[in-house]
There are 2 protein chains.
Amino acid sequence: MAKRDRARDGMPRLEQQLCFAIYQVGHAFNRAYRPILAALGLTYPQYLVMLVLWEQDGLTVKELGERLMLDSGTLTPLLKRLEGSALIRRERDARDERQVRIHLAEKGEGLREQGRCVQEAVGEALGGTAGDAGRLRDQLGLVRDALLASSRDG
Amino acid sequence: MAKRDRARDGMPRLEQQLCFAIYQVGHAFNRAYRPILAALGLTYPQYLVMLVLWEQDGLTVKELGERLMLDSGTLTPLLKRLEGSALIRRERDARDERQVRIHLAEKGEGLREQGRCVQEAVGEALGGTAGDAGRLRDQLGLVRDALLASSRDG
DNA sequence: GTTATTTAGATTGTGTGCAATTAGATTGTC
DNA sequence: GACAATCTAATTGCACACAATCTAAATAAC
């Protein structure tokens, strides 16, 4: 960390911290997505679940959780809300009754087309700003992996 | 967006989206900070509030909210918890009684030293991975500003 | 085949986050 | 001074997010 990143007393400056930059841009993304997704009756985490299901149907709750980094305490109520909106069905696996498999319902399948437009809208909001979005995304992936590794190892 | 970023059906792949990368790395940061901050009895947003106050004491709720991108619905209960832990005091401004000014309490002042170590610990967790953290941070700032601008303009 | 362990989800409790509303104070205008 | 418009916090309601715990089912060990 460079010298200018700290106040005279050695306390790191809020504006200079990577974690805070990520905290803020996460909020900004949420705000950008909110009005767009509200038109589909989805929140951002719900939209992520739908994105996964549009890619691959019939996943278990655990598999969904692994892709999204969410546990059952978050997913169970979220999935129940999506089921309440008739976008998905929750069905217990016949072979292993511990597992619950999530399937797209007709209405959820029908939302796929509208989902396609969401990215266009957010892409517009980004404009050309994130010029090399791919590179940025890859760097963030490295940061994520380093943090997760150290969380696991203690 | 490059061609490889989309499935055959034109649906953008989850793993390829910048917003998802940020969503995930935000989670990862939270997990990395949680055990470290738990030792101080703080959550990550509470730590952010303390960081701001260590930099400048006596801010109003509105000013805190502007720096952290949080509104009173989030800050009011959070600040009440910090007051409950005797880290801060909430005092209504004598000149403008609509405002509530937040001051460090003795215990909150005393936490400053321990707060200094938090960044070191997270820095270690990052390792050398975020080689050019400054550059990454600046790019994220641009993304944030673009999103906020488009949110404002509609 | 019975018991112990592991696994998958659900539940509970605490803490953000934000939209919408409300309450109280201040400012501007007459 | 009266009163409307504006401003600041607080409140309420809903939706994540996660730790800790619980239940039921599957698997391993014997």
Side-chain angles (χ1 to χ4, degrees), chain A residues 23-38 40-50 59-66 68-85 87-88 90-102 148 151, chain B residues 20 23-35 37-38 40-50 59-66 68-85 87-88 90-102 148 151:
Chain A
Y23 179 78
Q24 282 195 317
V25 77
H27 284 175
F29 258 118
N30 226 312
R31 288 185 199 180
Y33 269 104
R34 187 181 297 273
I36 299 169
L37 290 176
L40 312 193
L42 293 174
T43 65
Y44 182 63
Q46 288 170 6
Y47 171 67
L48 291 181
V49 168
M50 295 305 291
L59 293 172
T60 65
V61 174
K62 181 183 172 61
E63 288 165 339
L64 269 173
E66 278 165 0
L68 301 175
M69 292 181 60
L70 297 173
D71 69 359
S72 71
T74 302
L75 280 175
T76 295
L78 187 156
L79 292 170
K80 283 184 176 175
R81 278 187 283 271
L82 286 179
E83 190 181 37
S85 311
L87 295 175
I88 64 167
R90 296 162 63 246
E91 291 169 0
R92 220 160 256 286
D93 188 303
R95 276 192 297 277
D96 185 342
E97 296 203 343
R98 289 173 304 182
Q99 302 180 42
V100 171
R101 293 201 174 272
I102 309 300
L148 292 180
S151 293
Chain B
F20 184 60
Y23 179 80
Q24 282 196 318
V25 78
H27 284 175
F29 258 118
N30 226 312
R31 287 186 199 181
Y33 269 105
R34 186 180 299 273
L37 290 176
L40 312 193
L42 293 174
T43 65
Y44 181 63
Q46 288 169 7
Y47 171 66
L48 291 181
V49 167
M50 295 305 292
L59 293 173
T60 65
V61 174
K62 182 184 171 61
E63 287 165 339
L64 269 172
E66 278 165 358
L68 301 175
M69 291 181 60
L70 298 173
D71 71 359
S72 71
T74 300
L75 281 175
T76 295
L78 188 157
L79 292 171
K80 283 185 177 176
R81 277 187 281 272
L82 286 180
E83 189 180 38
S85 311
L87 296 174
I88 63 166
R90 296 163 61 246
E91 291 169 1
R92 219 159 257 287
D93 188 303
R95 276 193 297 277
D96 185 342
E97 296 204 342
R98 291 173 302 184
Q99 301 179 49
V100 171
R101 292 198 173 274
I102 310 299
L148 292 180
S151 293

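Protein chains get the first letters and strands the later ones, always in sequence-line order, with residue 1 at the start of each.
Closest heavy-atom contact between A:P35 and A:A32: CD-O, 3.6 Å. Considering every non-hydrogen atom in both B:F20 and A:L68, the closest pair reads CE1-CD2, 3.8 Å.
Atom CZ in A:R95 sits about 11 Å away from atom P in D:dT27, given to the nearest Å. Straight-line distance from the CG atom of A:L70 to the C1' atom of D:dA19: 14 Å, rounded to whole Å. Between the CZ atom of A:R81 and the C1' atom of D:dC14 there is a distance of 8 Å, given to the nearest Å. As rounded to whole Å, 13 Å separates atom C1' of D:dC7 from atom CD of B:E66. Spacing between atom CZ of A:R92 and atom P of D:dA26 amounts to 10 Å, rounded to whole angstrom units. Rounded to an integer number of Å, the gap from CG of B:N30 to C1' of D:dC16 is 12 Å. Across the protein-nucleic acid pair, A:Y44 atom OH and D:dC16 atom P stand 13 Å apart, rounded to whole Å. Protein atom CZ of B:R90 is 9 Å distant from nucleotide atom C1' of D:dA9, rounded to whole Å.
Partners of B:S85 under the side chain to side chain contact (heavy atoms under 4.5 Å, CB included) rule, at least two apart in sequence or in another chain, are B:L87. For A:E63, the side chain to side chain contact (heavy atoms under 4.5 Å, CB included) partners are A:L59, A:T60, A:R101, not counting sequence neighbours.
A close approach under 4.0 Å does not occur between any side-chain nitrogen or oxygen of A:Y47 and OP1 or OP2 of D:dA15. Considering only side-chain N and O atoms, B:T76 lies under 4.0 angstrom from the phosphate OP1 or OP2 of D:dA10. Contact between the side-chain N/O atoms of A:Q46 and the OP1/OP2 oxygens of D:dC16 is found at a separation under 4.0 Å.
No donor-acceptor pair closer than 3.5 Å links the side chain of A:N30 to the backbone N or O of A:Y33.
If you take CG on A:L148 and CE on A:M69, they are separated by 4.5 Å, rounding to the nearest 0.5 Å. Interatomic distance, B:Q46 CD to B:M50 CE, rounded to the nearest 0.5 Å: 9.5 Å.
Between B:D71 and A:V61, the residue anchored closer to the 5' end of DNA chain C is A:V61, taking for each the nucleotide with the nearest heavy atom. Residue whose closest nucleotide on DNA chain D sits further toward the 5' end, between B:E63 and B:R34: B:E63. Judged by closest nucleotide on DNA chain C, A:D96 is the one of A:D96 and B:A94 placed further toward the 5' end.
The side chain of A:P45 sits closest to D:dC16 out of D:dC18, D:dA10, D:dC16.
In 5' to 3' order, the nucleotides of DNA chain C bounding all contacts with chain B (an atom under 4.0 Å from a heavy atom) are C:dG15 to C:dT26.
The base of D:dA10 sits within donor-acceptor range of the side chain of B:S72, with an N or O pair under 3.5 Å.
Using a 4.0 Å heavy-atom cutoff across all strands shown, B:T74 reaches at least one base atom of the nucleic acid.
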